[in-house]
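Only a predicted model underlies this, so the values are computations on that prediction, with no experimental measurement involved.
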Amino acid sequence: MTMVHTGEVEWEAAHRALVRLAAARAAHEHALGAALLRAERAEVWRALGMASFFEYAERVVGLTPRQTEERLRVARALERLPETSAALAGGRMHFTAVRELTRVLAPETEAEWLTASEGKSVGEIETLVSGRRVGDRPGDRARAEARRHRIVLGVSAETFAAYREAQAKMRRDADARLTEEEGLLLMARTVLAGPADSGRSTYQIHVTRCDACGRTTHDARGQAVAVDAVVAELAECDAQRVDDAGRATQDMPPTTRRAVVRRQHGRCAVPGCRHAVFTDVHHLRLRSEGGTHDPDNLILLCAVHHGAVHRGGLEIDGTWSTGLRFTHADGSRYGAPARPRVASLLSDVHRALTGLGFKDREARWMVAELRPQVGEHGTVSLEEAIRRALAIWRTGRTEHGSAPPMTA
């Protein structure tokens, strides 16, 4: 048996070295994530004349956009997860395990998830969190619509280069902060092309919603894939309906849709977004809340910004004739530096409130009244923020005298 100079057998020495390296690597990932988040918030790429933070991270750190995106997401989550943050910084948990856990961890459920994942491999943790969202507990039932689907492709250098160029163009045309997933969605919808007639609704994709249980599915080559209920809300804005006999009807008059498309030259209404392919018509006041097909109540939005509105991450006030005001969930002007932590928290509160059955306008009113209470850094837990929002609703009127909105 081979011995090393310390008296250890070779396998013991090799194992000990790897354990040290694994701990050091975890600590390095913790420090790297914190540094990336600090650099993003300081907008260092602008000072250096680069196009985006993703370009900056690739040039300076050697990370792909996807790697940068994941490290920023984890770093933001760790700001409100002290136990998990300490475990990664101390080398007691691998980055890959923390990456998966932060998809579901909330301050009030952190201890339960850490206990449930103790001793498990990364693959087992992936299975544990699959089908669950932030705030869910390990024992909660997994939901099909929350399950993430993985796409793994081995491609040639030419294909990879073309894909990277397409992603960069999507960010230039829509929003420099697009995630890789959002860019992929825009590319897919662009390829699907939509109707040649601008008077026809863009949702020619088959989306089915069960009126009895509220479950929404998207037909994908013979498979019904469960999707978020927000997808059904997006379709309600601009869709054709197909009855059991196969007859298709469209709620919005084609002449109205053509007029809105022509008015905006087919381009998304969000400032700075140049996306003009496969855009949706959005009702500023939702149809479920009394909104009509009056062109003054309609604007065009790209798929990413349309989804952001319905998820509470982007707010649009006003009408087409009086002017539109675009803001992040934290109340800051769209395009100006936002407070990511506050914006993410308030967006989650909006989704939780609409999930509880509140109308969109009611949820936005509660979020606006809640905003001063979460502070500059959004250290309030999601559970506490929801409780405060519900307390505001029960009171019915804030100290500033603003009353809840009246909805149809």
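Residues W45 and V60 have side chains not in contact (no heavy-atom distance under 4.5 Å, counting atoms from C-beta outward). With a 4.5 Å cut-off on side-chain heavy atoms, H293 and R287 count as touching. Counting heavy atoms from C-beta on, the side chains of F95 and V74 come closer than 4.5 Å. The side-chain heavy atoms of R73 and R103, taken from C-beta on, include a pair separated by under 4.5 Å. Residues I299 and Q264 are in side-chain contact: their nearest non-hydrogen atoms beyond the backbone lie under 4.5 Å apart. Between Y334 and T327 there is no side-chain heavy-atom pair separated by less than 4.5 Å. Here the side chains of H310 and L286 are in contact, with some heavy-atom distance below 4.5 Å. Side-chain contact between L298 and L284 is absent, with no heavy atoms from C-beta onward closer than 4.5 Å.
Counting non-hydrogen atoms of neighbouring residues, nucleotides and ligands closer than 6.0 angstrom, the CZ atom of R59 reaches no more than 12 such neighbours. Annotation for R387: atom CZ counts as buried by contact number, over 12 foreign heavy atoms lying within 6.0 Å.
With R137 as the fixed residue, the salt bridge (Lys or Arg N to Asp or Glu O under 4.0 Å) test singles out one of E108, E112, E110: E112.
Contact between C268 and H305 at its shortest, heavy atoms only, is SG-ND1, 3.7 Å.
For R364, the salt bridge (Lys or Arg N to Asp or Glu O under 4.0 Å) test picks out D360, with sequence neighbours left out.
Between the CD1 atom of I125 and the CE atom of M93 there is a distance of 5.5 Å, given to the nearest 0.5 Å.
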